[in-house]
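First listed ligand is number 1; within each ligand, the first listed atom is number 1.
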Amino acid sequence: MFDINTLIRKNIKELEPYSSARDEFQGKASVYLDANENPFPNGINRYPDPLQQELKNKIGSIKPINPNRIFLGNGSDEAIDLVIRAFCEPGLDNIVSIKPTYGMYKVCANINNIEYRDVLLTNDFLLDTDALLKKTDNHSKIIFLCSPNNPTGNSLSVESIERTVSCFNGIVVLDEAYIDFSQQKSFLEKLATFPNLVILQTFSKAWGMAGIRLGMAFASEEIIGTLNKIKYPYNINILTQEKALEQLSLSTEKVRSNVSQIIQERKWLYDNLLQLGIVKHLYSSDANFILAKVVDARKIYNYLCDKEIIVRDRSNVALCEGCLRITVGTTDENKTLVRALQQVEIYD
Ligand SMILES: *Cc1c(COP(=O)(O)O)cnc(C)c1O
């Protein structure tokens, strides 16, 4: 039986968390003299709600999730860091993940002095669950999976994710940053089945709010409680909370139409890139970017830079040799890119 209490670090379990003024009094009052704030109103003179209840309720009305199973972080990066700090003992425990994938899992592990192990995806970028599980030992506390995966763009199979979550006796973090662009369904509705699953989503991609730094983690109430216990008290500032509420109220339809436009543009970009002589292979994408194998990635990257078009050079990444990662832009941006690539001349 999976028991969260045996997984949480001892010092975290025993931690007496900081109790803020807003933790100790939560109702509505007319005079607030408890937090040493400046009393003159300017819209931001008060501390924000430390648990972002209104925003979580709003998210709960849009996604199939109970608000008490939501953690909000200063970007997904905060959630990644906190999950590591909650469960991994520095210098002792380890994390297992896939390769290639999003770089922050490894960086956060390194910052926290946690050993990071990874297993190569197959040549078609799929997860070898057996190889992954074989990398784990008694000190493996977290497995990080990313689906759709960055930078490969494909989704991992539902079966391979499910088998990982059910066979591993630790936390599985499933990063769904690109789920809104995918054919595949989110694991959100399966959360109740898996007490060791943490799902990450973000407002940075489909929701178009990378600038406000807001990431979500969905998990059991116990896991969410642990993250809340160790986060900075006021981790999501008032401007971010208000902007997110505003956007969520006015634009679920708008978000849906933006996403379907990006998916259409992805198809256009795919078809048009495929026509180019410099493109050797395009990997199919379930995300808002395309991984393209080209004849001379570094040269084409530099050529595009000269034209003030910036893509991501992933040619030094395992299994992505010779590849550029291209984000799907607006119709005009995508046309500009393709036009520039039509004119590239590679003669060695
Ligand atoms: C972009 C991205 C995120 C989002 O990170 P934020 O900190 O929320 O902006 C998370 N995971 C992956 C794999 C990403 O590519």
Check for a donor-acceptor pair, side chain of Lys141 on one end and backbone N or O of Ile95 on the other, with a separation under 3.5 Å.
no
Residue and atom name of the nearest protein heavy atom (relative to atom 9 (O) of ligand 1), distance in Å to one decimal:
Ser204 OG, 2.6 Å
What orientation do Phe144 and Tyr105 show, parallel under 30°, tilted 30 to 60°, or perpendicular over 60°?
parallel
Below 4.0 Å from any atom of ligand 1, is there a heavy atom belonging to Cys146?
yes
May I ask you to identify, for Tyr178, whether its side chain, its backbone, both or neither come under 4.0 Å of ligand 1 on a heavy-atom basis?
side chain
With a 4.5 Å cut-off on side-chain heavy atoms, are Phe289 and Phe181 touching?
no
For ligand 1, the portion of Ser76 having any non-hydrogen atom under 4.0 Å away
both
Looking at Ala177, which atoms of ligand 1 are within less than 4.0 Å of one of its heavy atoms?
2 (C), 3 (C), 10 (C), 11 (N), 12 (C), 14 (C)
Taking atom 3 (C) of ligand 1 as the reference point, the nearest protein heavy atom with its distance
Lys205 NZ, 3.3 Å
Between Leu319 and Leu120, is a side-chain contact (heavy atoms from CB on, under 4.5 Å) present by the stated rule, with each step listed?
CA-CA 8 Å; Leu319 300 183; Leu120 217 50; 4.1 Å; yes
Checking the side chain of Thr6 only, and the main-chain atoms of Asp3 only, is there a donor and an acceptor separated by less than 3.5 Å?
yes
Here the side chain to side chain donor-acceptor pair (under 3.5 Å) pairs for residues 74-88, sequence neighbours left out, are Asp77-Tyr102, Glu78-Asn235, Asp81-Arg85, Asp81-Asn112
Only heavy atoms of Asp77, strictly under 4.0 Å: list the atoms of ligand 1 that pass.
7 (O)
Side chain, backbone, both or neither: Asp175 near ligand 1, heavy atoms under 4.0 Å:
side chain
Return a yes/no value for Arg213: is any of its N or O atoms, backbone included, closer than 3.5 angstrom to an N or O of ligand 1?
yes
Can you sort out which atoms of ligand 1 are near Gly75, meaning under 4.0 Å from one of its heavy atoms?
7 (O), 8 (O)
Parallel, tilted or perpendicular, judged at 30° and 60°: which one describes the rings of Tyr234 and Tyr47?
parallel
